[in-house]
Amino acid sequence: MKGAPDNSGKANPVPPPGFAYRTDVIRRLLDALGMLASSGDLQAGIMQDNDVDSILIAARLQMRRILPFQGIAMLLVSDADYSFAVADCEPESSRPLIQKDIDERILDGTFAWALNQNRPVAAPSGHPGHTLVLHSISTRSRIRGMFAGMIKSDEFEANDPSLYILSVILRNAAHSLESTYLYELLRSQNLNLELQVQKRTQELQKAREQAEVANIAKSQFLANMSHEIRTPMNGIIGMTHLLLDTELTQEQLNFVKAIRSSGTALLEIINEILDFSKIEAGKLKLEIIDFDLHLIIDDIIALFAEQANSRGLELICLVPETVPAALRGDPTRLRQIITNLMSNAIKFTSQGEITLNVSTVEETDEALLMRFEVIDTGIGISPEECKNLFQPFTQADSTTTRKYGGTGLGLTISRQLVEMIGGEIGIASAPGTGSTAWFTAQLSKQHEKGQAAAGHYGDMNILIIDDNASSRTALHTCISSLGIRSSTAGNGSEGLEELRSNPYDLVIIDTLMPGMDGFELACTIKSDPAVSSAKIVMLTFPGYRDHCEELRKQGIIKAYLYKPVRQLQLYNIISSLKNGGKDRLSMPAASRRSPSGAKAYQVKALVAEDNIVNQEVARRMLEKLGCTVEVVANGKEAVKSLQNASYDIIFMDCQMPEMDGFEATFYIRGFDRGHRIPIVAMTAHAIQGDREKCLAAGMDDYISKPVNPERLNEIVDRWINQRLQNAGRPAEGERDQNEREQAGSAGARAAINLVQLRQMFGGDDDLVRKLLQLYISSTLSLLAGVQEALDMRNSESLARFAHSIKGASSNIAADEMTRLSVQLQEAARQEDWAAAQALCGSLEDSLKEVDKFVTMFCGNNTAVEDERT
C-alpha cells in the first residue's frame with residue numbers, strides 16, 4: 001500500500017482506513033472523560049455541605065487536588081448592590097496580590113468578559129511568572145460569584161483536561177450556593193407567616209423529589225456514558241483487529257498497533273472510572289462460585305509474561321503446597337486485584353524481578369484467610385506517599401501520571417474490592433528499594449473437590465539449577481507440592497558438582513546464567529557418561545526457541561519451558577517424563593481451546609446493530625469465525641428477517657431506533673417456541689445489572705463492547721454446539737475434523753505434517769492456525785532476505801537467513817521446507833551460488849504448497865503470490 005511520492009521521491013504512507021474517524025472519536029472521548037471523572041468523588045464534598053463557607057472550602061480543596069494553584073480566592077455577589085467581594089481566600093497572604101489583579105482586570109474589562117464565558121479564562125497577573133485564572137460561579141438562572149486562581153505560567157495549559165473538571169466543580173458549587181440561598185430564604189419566611197410554612201413544605205418536597213431524580217439521573221448518566229463511550233470504542237478496537245489482518249506496510253502496521261494500544265489503554269481507564277463509580281454508588285455486587293486458584297495465578301502470570309520479558313524482568317510465583325487450589329469466592333474480582341498490583345509493579349520496575357507470593361494466614365474447616373503479596377525491585381516510594389496511594393485519583397507524586405500513565409484509580413478500586421471480600425490491603429516501600437504490595441482475602445473451601453494427591457511420582461529426584469534465588473525457591477516449592485524431592489544449585493559449576501555427587505532423574509536448567517550458561521551446561525552433562533542419564537528440561541525465553549529446539553532434536557534436552565513457568569505446564573512435563581508420556585496431569589476443560597464450531601458447521605448469523613461501523617466490525621469478526629452474516633439496522637428489521645429466513649444465532653444490540661433489542665427479543669420469543677434461536681446481547685451497556693436485564697428479557701447470553709474476538713469465538717462455539725446436540729446432530733468434537741484437510745491435493749497435505757504439528761501443540765487448532773499464518777508472513781520476509789543475500793553474494797547473511805527458515809519450518813512441521821533450508825545453509829557455507837539460487841527457487845515453490853495448505857486449513861487466503869509480486 002503506497003501513496004504518491006513527495007519531492008524527495010519517497011512514497012508517502014497512506015493513513016489506514018478510518019484513521020480520521022478514530023481521531024475524531026478519541027477527541028470526543030476525552031471530553032466525555034472530563035465529565036465522567038467528575039461524577040463520583042469530586043462531587044461528594046461540595047454537594048453534601050449546606051452552608052456558604054463549607055461549600056467554598058470544599059470546592060477549594062477539590063480544586064487543589066487537580067491543579068497546583070499558588071493562591072485561590074472566591075468572590076461572591078452581594079444581593080444589595082451586586083458588587084463582588086472576596087468571601088474565601090487561601091493562603092490569606094495572597095489576598096492583596098489577587099485583589100490587585102482583580103481590580104486591574106475589572107478596569108480593562110477582562111473580569112466582565114470572563115463572567116459570561118462559563119469556562120476558565122487566563123489573564124495576566126501582576127505577580128511575575130504567574131497567570132490569573134478566572135471562572136464564573138454561576139447557574140443558568142444567575143451569577144453567584146467569581147473564582148480567581150493564581151498559578152505558575154509554566155504549569156498552565158489552556159487545553160489541560162483538568163480545566164474541564166475545574167468547570168464541573170464550580171458549577172456544582174454554584175448550584176450548592178443557590179440551594180443554600182433558597183433554604184435560608186425558606187427558613188426566614190417560616191418565621192413570618194403560617195402560609196410561608198406551607199409554601200416551604202411544598203418547596204422542600206419538590207427539592208426532595210429533585211434530589212431523587214438527580215440520583216436516578218446519576219445512575220442513568222453512568223449507564224449512558226458507558227454506552228456512548230463503548231460504542232465508538234468498539235469501532236476503534238474492532239477495526240484495528242480487522243486492519244491487522246490485512247496487508248499493511250511496516251509503517252502502517254506500526255500505526256495500527258499504536259492505535260490499538262492507545263484504544264486498549266483508554267478502555268482500561270474508562271473501566272476503572274466506571275468501576276469506581278459503581279462501587280461508590282453501591283451497585284457492584286460480588287458473586288460466590290467455585291474456582292481453581294492455581295488456574296487464576298497461572299493465567300495472571302501468563303498475562304504479564306511477555307511484558308516482563310520485554311523489560312528484562314524475572315517474573316516469579318511462589319504458591320506453597322499448603323495453599324488449597326479448590327476455593328469458593330469471586331474469582332473475577334480476585335483476579336482484578338492481583339492484576340492491578342502486578343501491573344503497578346511492572347510499571348515502576350525497570351530491572352530485577354517481580355514476585356507473586358501466596359500464603360495462608362488463617363484456616364478453618366470451612367474457610368481460610370489468604371494473603372497475596374506482589375514484591376518488586378522497582379523505584380519505591382516514601383512511607384509518607386504510601387499513605388495516599390489508595391486515595392482516588394492519586395499518584396505518588398505529580399509527575400507519576402505524566403511519566404507512567406494511569407488514572408490513579410487502580411489501587412483505590414483494589415482497596416474497595418478488598419474491603420468487600422473481607423480483607424485488608426497495604427504497601428510497604430522506601431525510595432530505591434522496591435515495594436511490597438499486599439492484601440488479604442476471605443475465601444471458602446470446596447469440600448466436594450479434593451486436592452491433587454502427593455506422592456504420585458514415587459522416588460523421583462530433581463535438581464534445579466538457576467542463578468536467581470527467588471526463581472529457585474519458586475520451582476522448589478512448586479515441585480515439592482507433588483511430593484517430589486528436589487535440590488537446588490546457584491550456577492553451572494555447583495550444579496555439575498551436585499549432579500556428580502548424587503543421582504538425579506531430572507535436571508531443570510535456567511538458560512541465562514553467568515559463567516557457564518544453560519546451553520553449555522546441558523551439553524556438558526550429556527557428554528559426561530557419569531551423569532548423562534539425567535533428563536534435562538530447559539527454562540528459557542521465546543527468543544531462544546530455535547536453539548532449544550535444536551538441542552531437543554539432538555537428544556540433549558527432553559523439553560523446554562518458557563519463563564515464567566506455569567505450574568500446570570511444569571506438572572505435565574514432569575508427569576510425561578516420569579511415565580513415558582502416559583498418565584499426564586490433565587488440564588481443566590475450560591483452559592483448553594477447541595476448534596470453532598462455526599467452522600465445523602456452517603453457521604448463519606443475524607446481527608441487529610444500528611451503528612454502521614459496529615455493523616462492519618461484527619460482520620467481519622463473525623465471518624472470520626466461518627459464519628455467514630446478515631446485518632439489519634434495528635429490532636424491527638430483525639423480527640422481519642426472522643419471518644423470511646432461518647438463522648442459527650442472533651447478535652442483538654440493545655439500543656436501536658424504531659424497535660430496541662429488548663422489544664425485538666420479546667417478539668422473537670413469541671414465535672420461536674419449540675425452535676429457540678440463541679440471542680446474544682452485543683451491547684455497549686456494561687454496568688452492574690445490564691447482563692441480568694438482558695437475560696431477563698429473554699436473551700441467552702451477553703457480550704459487551706468493545707467485542708473481544710476470543711470471547712466472541714467462545715460464545716459462537718458454545719451455542720452452536722448446544723444447538724447441534726439438541727437437534728440430534730453430531731457435535732463439534734464428534735465431527736470429522738479432517739474433512740476440509742482431505743479435500744486438498746496430495747501435495748498440499750505433504751507440505752505440513754499436521755499430525756505431528758497437532759501433537760506438538762496439544763491439539764490446539766486455534767494456536768496451530770495462528771502459527772501457520774504467522775509462518776507464512778515471516779518466511780516471505782526471510783526469503784526476500786535470501787534473495788538479497790544471493791544478489792550481494794553474501795554467504796554469511798545467506799547462511800543466517802537459511803538457518804532462520806530452518807528453525808521456523810521445523811517448529812511447524814514443514815518437513816520439505818526444513819530439508820531445503822538445511823541444503824541452502826550448506827550451499828551458503830560452500831559458497832555454491834548456482835546451487836543456492838536453485839534452492840531459493842525450490843523454497844519459494846515449497847512455500848506455495850504450504851500456503852495452499854494454510855489456506856485450506858485456516859479458511860483464509862494468505863496470498864503468497866500477492867506478497868511476492
Side-chain angles (χ1 to χ4, degrees), residues 38 42 45-47 49-160 162-182 184 398:
S38 67
L42 296 180
I46 300 171
M47 301 302 291
D49 292 306
N50 55 9
D51 64 84
V52 174
D53 291 339
S54 298
I55 291 170
L56 296 180
I57 291 172
R60 167 161 48 82
L61 291 174
Q62 297 288 9
M63 285 182 285
R64 285 261 186 224
R65 292 172 59 188
I66 62 171
L67 285 168
F69 288 109
Q70 303 297 306
I72 291 178
M74 302 280 199
L75 291 80
L76 296 184
V77 177
S78 169
D79 291 332
D81 58 2
Y82 301 105
S83 62
F84 286 81
V86 176
D88 179 80
C89 186
E90 196 273 334
E92 187 63 28
S93 59
S94 65
R95 181 188 292 263
L97 185 58
I98 294 178
Q99 184 65 60
K100 180 181 177 183
D101 282 349
I102 291 172
D103 292 339
E104 292 176 356
R105 300 293 77 77
I106 291 175
L107 290 175
D108 64 17
T110 304
F111 190 93
W113 181 74
L115 283 174
N116 296 312
Q117 297 306 303
N118 200 27
R119 64 179 177 84
V121 173
S125 171
H127 189 43
H130 286 70
T131 295
L132 184 68
V133 180
L134 299 175
H135 196 303
S136 63
I137 305 173
S138 59
T139 64
R140 290 190 177 184
S141 60
R142 62 175 293 179
I143 295 173
R144 288 288 172 185
M146 175 69 86
F147 161 82
M150 188 179 298
I151 191 170
K152 289 182 180 180
S153 297
D154 59 357
E155 294 180 335
F156 176 82
E157 291 183 10
N159 60 351
D160 190 335
S162 298
L163 295 177
Y164 289 95
I165 304 177
L166 174 67
S167 295
V168 175
I169 293 172
L170 290 172
R171 290 191 196 106
N172 288 335
H175 284 288
S176 296
L177 289 170
E178 184 163 344
S179 297
T180 300
Y181 169 79
L182 291 174
E184 288 297 327
S398 60

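Scope of the values below: all heavy atoms of this structure, side chains included, with no hydrogens, waters or symmetry mates. Positions are given from 1 along the sequence.
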Under the side-chain contact (heavy atoms from CB on, under 4.5 Å) criterion, do R144 and V77 qualify, and how do the steps go?
CA-CA 6 Å; R144 288 288 172 185; V77 177; 5.9 Å; no
Find out whether P120 and L166 are in side-chain contact, i.e. whether some heavy atom of one side chain is under 4.5 Å from a heavy atom of the other.
yes
Report yes if the side chains of S54 and D51 come closer than 4.5 Å at any heavy-atom pair, otherwise no.
yes
For S153, the side-chain hydrogen bond (donor to acceptor under 3.5 Å, both in side chains) test, sequence neighbours excluded, returns T131
Examine distances only and state if a side-chain atom of H127 and a backbone atom of S125 form a donor-acceptor pair shorter than 3.5 Å.
no
Does L115 form a side-chain contact (heavy atoms from CB on, under 4.5 Å) with F84? I'd like the steps, not just the answer.
CA-CA 12 Å; L115 283 174; F84 286 81; 3.8 Å; yes
Nearest 0.5 angstrom please: N118 CG to S167 OG, how far?
7.0 Å
In sequence, state the C-alpha distance, the side-chain angles, and the governing distance for I143 and I137, and then conclude on side-chain contact (heavy atoms from CB on, under 4.5 Å).
CA-CA 6 Å; I143 295 173; I137 305 173; over 6 Å; no
Listed by chain and number, what are the side-chain hydrogen bond (donor to acceptor under 3.5 Å, both in side chains) partners of S141, not counting sequence neighbours?
T139, E178
Which residues pass the salt bridge (Lys or Arg N to Asp or Glu O under 4.0 Å) test with R171, sequence neighbours left out?
none
Using side-chain contact (heavy atoms from CB on, under 4.5 Å), reason through V121 and W113 one step at a time and then give a plain yes or no.
CA-CA 9 Å; V121 173; W113 181 74; 3.4 Å; yes
Are I72 and M150 side-chain neighbours, meaning at least one heavy-atom pair lies under 4.5 Å?
no
So, for I151 and P68, which heavy atoms are closest and what is the spacing to 0.1 Å?
CG1-O, 3.7 Å
The reported gap from CG in D88 to CZ in R95 (rounded to nearest 0.5 angstrom) is 8.0 Å
Nearest-0.5 Å distance that lies between atom CD1 in I169 and atom OH in Y164:
15.0 Å
Measure the spacing between CE of M63 and CG of L170 and express it to the nearest 0.5 Å.
5.0 Å
Nearest heavy-atom contact between R60 and M74 is N-CE, 4.1 Å
Looking at side-chain heavy atoms only, is the closest gap between R64 and E90 below 4.5 Å?
yes
So which atom in P124 and which in L132 form the shortest heavy-atom distance, rounded to 0.1 Å?
O-CB, 4.0 Å
Once you round to the nearest 0.5 Å, how far does CG of L182 lie from CG of L177?
11.0 Å
For A73 versus V86, what's the shortest heavy-atom pair and its separation?
CB-CG1, 4.4 Å
Do the non-hydrogen side-chain atoms of F69 and V133 ever get within less than 4.5 Å of each other?
yes
Taking S136 for the side chain and S138 for the main chain, is one N or O donor matched with an acceptor at less than 3.5 Å?
no
Atom pair CG (L75) and CD1 (I102), whose distance is rounded to the nearest 0.5 Å:
4.5 Å
